[in-house]
Every structure is written in structure tokens, then in C-alpha cells.
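Being a predicted model, the structure only gives us computed values, none of them experimental.
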Amino acid sequence: MKLPDSIQALSLFGGKLRKGGDRQIERKELNDVLQYALENGMIDVKYVQEQIALNKRKELIEKHPYSIWKGKEGLWHTYLPDAEKKRIHKRSSTRQGIEDIVADYWKAQMENPTVKDVYEQWITGKLSREEISVATKNRYDRKFSECMEVFGRRKIKSVSEYEIEDFILNIIHEKNLTAKGYSNLRTLIYGIFKLAKKKKYIDFSITEVISDMEISRKAFRRNQQPDEALVFSEEETDQIIQYIISSQLDLINLGLLLAFKTGVRPGELAALKKEDLLDRSVDVHRTEIHYQNEDGENVYEVRDFPKTEAGIRTVLIPKQALWIVKEIKRQNPFGEYVFMKNGKRIRTYSFTWRLKSICQKLDIPIRSLNKIRKTYGTILLDSGAEESFIISQMGHTDIKTTKNYYYKDRKSMRQKIEAIDQVAGL
């Protein structure tokens, strides 16, 4: 269909705007031109609206995932998605009729998407704007699948404030969520329903809904573990260090020793570059991240910033551990990364496996790499070091984080008995 001359002129004008580069006319000037054209009858508004509607209809039909065909009986056929039956058969006496059915269906879907559809819009937007990493997206996707798969099939406009509250309370109970687990779920709920309000699918505030909820602290599962499961005791630490020193001092073992002496996060350890390891300090400003790509393959990458903003820091190395640094540099003098094997960066899981192997050989409970960091934080607090120094070494924003989440009792039962025996008055 040929456009009216005035429309064609404006279309060409818009093209020049898009291709003009530095010569682009400001948006305000374009608005002025369009306003002038409207006021002086240069644009047939009804015609433009019809063309927009036809183009939208065409787009909806082209995106339809099922074929449209004419049967032997002369009727036109297609399928439409269905939540229960997966798909349902539709027919019409004309092609126009079957295309109307398709267009109306997808238009309704766009105007009232499912909760999962809105989640996909929200998470895709955050990823494309680089507000989150692929690893974070994968973690959010797992949380959605775990907690919101069924609820996610609901049409967004049909979900009431009460139903959101009811869903949250029930899922906390059904999934036996910890307070942290609920916090992660709440992030998704906020993202979904804030976007839904911006798109005018709903008219209530999810922030108000959640802030008005009364959730008992007893509702959350307490993930409590004894202190001895969260840190290495003084005896265990000595055993591990002595074992490493007396055995093969390869770069993986040296990395474990450096972790005990600096308390760096596992991902920070694996991402250290040659220039980050100085004689008396370690410059921390990158970390390893792990995620699954679209093919489900595990991907390990180095990100040029640490887990948190406070994580950018210089960690001092104690004098008695300087030999570790010298040995690392001697074994890998030219590598891009501090820890490398056969020309490739040693990843976090290699340190994890080695620590597990050492624990098994020494017949002590197996603990993760992060327990070395908790051990380090506990040693700093027990030493009576200044709080500002401790949070600087740990990469925390305040001492509360270190005290509340990292400080544990490292004393063995024998040491505790000796301590109680020396308390006067008992």
C-alpha cells in the first residue's frame, strides 16, 4: 500500500535523523515538526493508527509458533498454546478468520502475560544492562524454578495482593526456607511486580504489600551448625599447614597456605595475577565467577572486580609467611596468573579438591575453602587487632559482618577444659 506523500516525507525525514550521526536534529525539533504536521492536517491520524494496528497484527501472526494451514475440507487450521493440554486445535472458514484468532490470542497474552513472562523480561533486562552477571542470572533462575514454577504460570493481572502474601507464607513453610533463602526469593518478587506496575499490568505497590506482611522469625528454618564445623581448630590448622610443608609444595598447596595467611576469598585467590602478588601484600580487585552457558556447560571466568565494593583492598602478608610468596614466584615467574598449571589458570575447584584430599588423609572433618577464610577472620578477632584493620584485611564494610558471620570458637575440647579449670571461683 502506497503511503500518502506527507507520510513518506516524514518517513524520509526520520531516516535522516537515524543516519545523521553528528548532524542529528534534537528530539525536541522532531516533536515540533510532527506537532506542526498534525496541527496543519498534513497527517491522516486515523490512517496512521490503522497502519500501526495492521503492522502489530502482522508481527503477532509472524511470531506464532504453529503453522497455519488449509485442510482438505476447505477450513483453515492452527494450534494455540494451552497450559493444561499444551496446545489446542483452532479452525475457521477463512484465512482472515484464523489469523484473527491467532492475533487476538497473542495480543491478549501481551496485555496480560504470566508471572514467569514478566520475570523473563525483568531478568533479561538486568543482564543486558550488565546490572548482574550470568552467574547471578543462573542463581536467580534456579531460585525461580525452585519456588515460583507453579505460581509463575498465573496471569499477572489476576494476582491479588492477598494471593502474593499467601504464596510467600506458604512457600516459606513448604520449602523450609532460611531467612537468607527468603531474602533471595524476595528479590525476584520485587523485580517481577515492580516491573509489572511500571507496565501497568497491576496498580498496587509490591513494596507496600511485603512491608505490611507479618512474618514470624519462627517461620524460617535455622541453619545452625556447631562452630567446629565452620572453622578449622588451632590443632587442625597446624596439622594442615605442617602436612603441606612436609609434602609436595606445588602451586595448589602454596595457594592453600596463602589462603590461610591472608584470608582471601576462594574466587579472589584463583583470580590473582602476577602484578597483584607483592612482597608484603596482595592486591585484591578481581574474582573468579562460575556459571552455566546456554548449552549447560560450566564456564569459569575472571571478573575484573571482586564480590563486593569493599572487596577491593590490599591484604598485608605476615612476615613469617613471606617465604610462601617467594616460592610461588620461583615456581611461576612468568605466568599471567599467580596460580597456573600447564599454561592454564588453576581454578577454584582445584584448591577445593586438594583441601578435601588433605582433610581425608589427616582424618579431620572435610570443610570448604571458605572455612579457611572464617578461620582467618576468627584469628584476627582473637588477636585483639584494631577493628579498622580487621575489616580492611577481610574486605568487609563494618566489623559487625566479621563478628556475626565469621567469628567462631576454634578451641578444642582439651583447650576448653584447660580454660575452665583456670577460672577462679569455680
Legend entry - Over 12 foreign heavy atoms within 6.0 Å of CZ, Arg217: no

Legend entry - Heavy-atom side-chain proximity of Val264 to Leu258 below 4.5 angstrom: no

Legend entry - Test: Glu146 and Arg142 ion pair at under 4.0 Å: no

Inset, instruction - Determine whether the side chains of Tyr337 and Asn332 contain a donor N or O and an acceptor N or O closer than 3.5 Å. - result: no

Legend entry - Non-neighbouring partners of Gln239 that pass side chain to side chain contact (heavy atoms under 4.5 Å, CB included), sequence neighbours left out: Glu236, Leu362, Ile364

Inset, instruction - Classify the angle between the aromatic ring planes of Phe144 and Tyr119 as parallel (below 30°), tilted (30 to 60°) or perpendicular (above 60°). - result: parallel

Inset, instruction - May I ask you to say whether Asp283 pairs ionically with Lys273, meaning some side-chain N is under 4.0 Å from a carboxylate O? - result: no

Legend entry - All ring-ring contact (aromatic ring centres under 6.0 Å, His included) counterparts of Phe339, not counting sequence neighbours: Phe351

Inset, instruction - Would you please classify the geometry between the Tyr406 ring and the His396 ring as parallel, tilted or perpendicular, with 30° and 60° separating the classes? - result: tilted

Legend entry - Note: Lys341-Asp250 ion pair, threshold 4.0 Å (strictly below): no

Inset, instruction - Could you tell me how the ring of Trp122 sits relative to the ring of Tyr140: parallel (under 30°), tilted (30 to 60°) or perpendicular (over 60°)? - result: parallel

Inset, instruction - Identify whether the distance between the nearest side-chain nitrogen and carboxylate oxygen of Lys56 and Glu59 falls below 4.0 Å. - result: no

Inset, instruction - Kindly indicate whether a cation-pi arrangement holds for Lys194 with Tyr190, taking the cut-offs as under 6.0 Å to the six-membered ring centre and within 45° of the axis. - result: yes

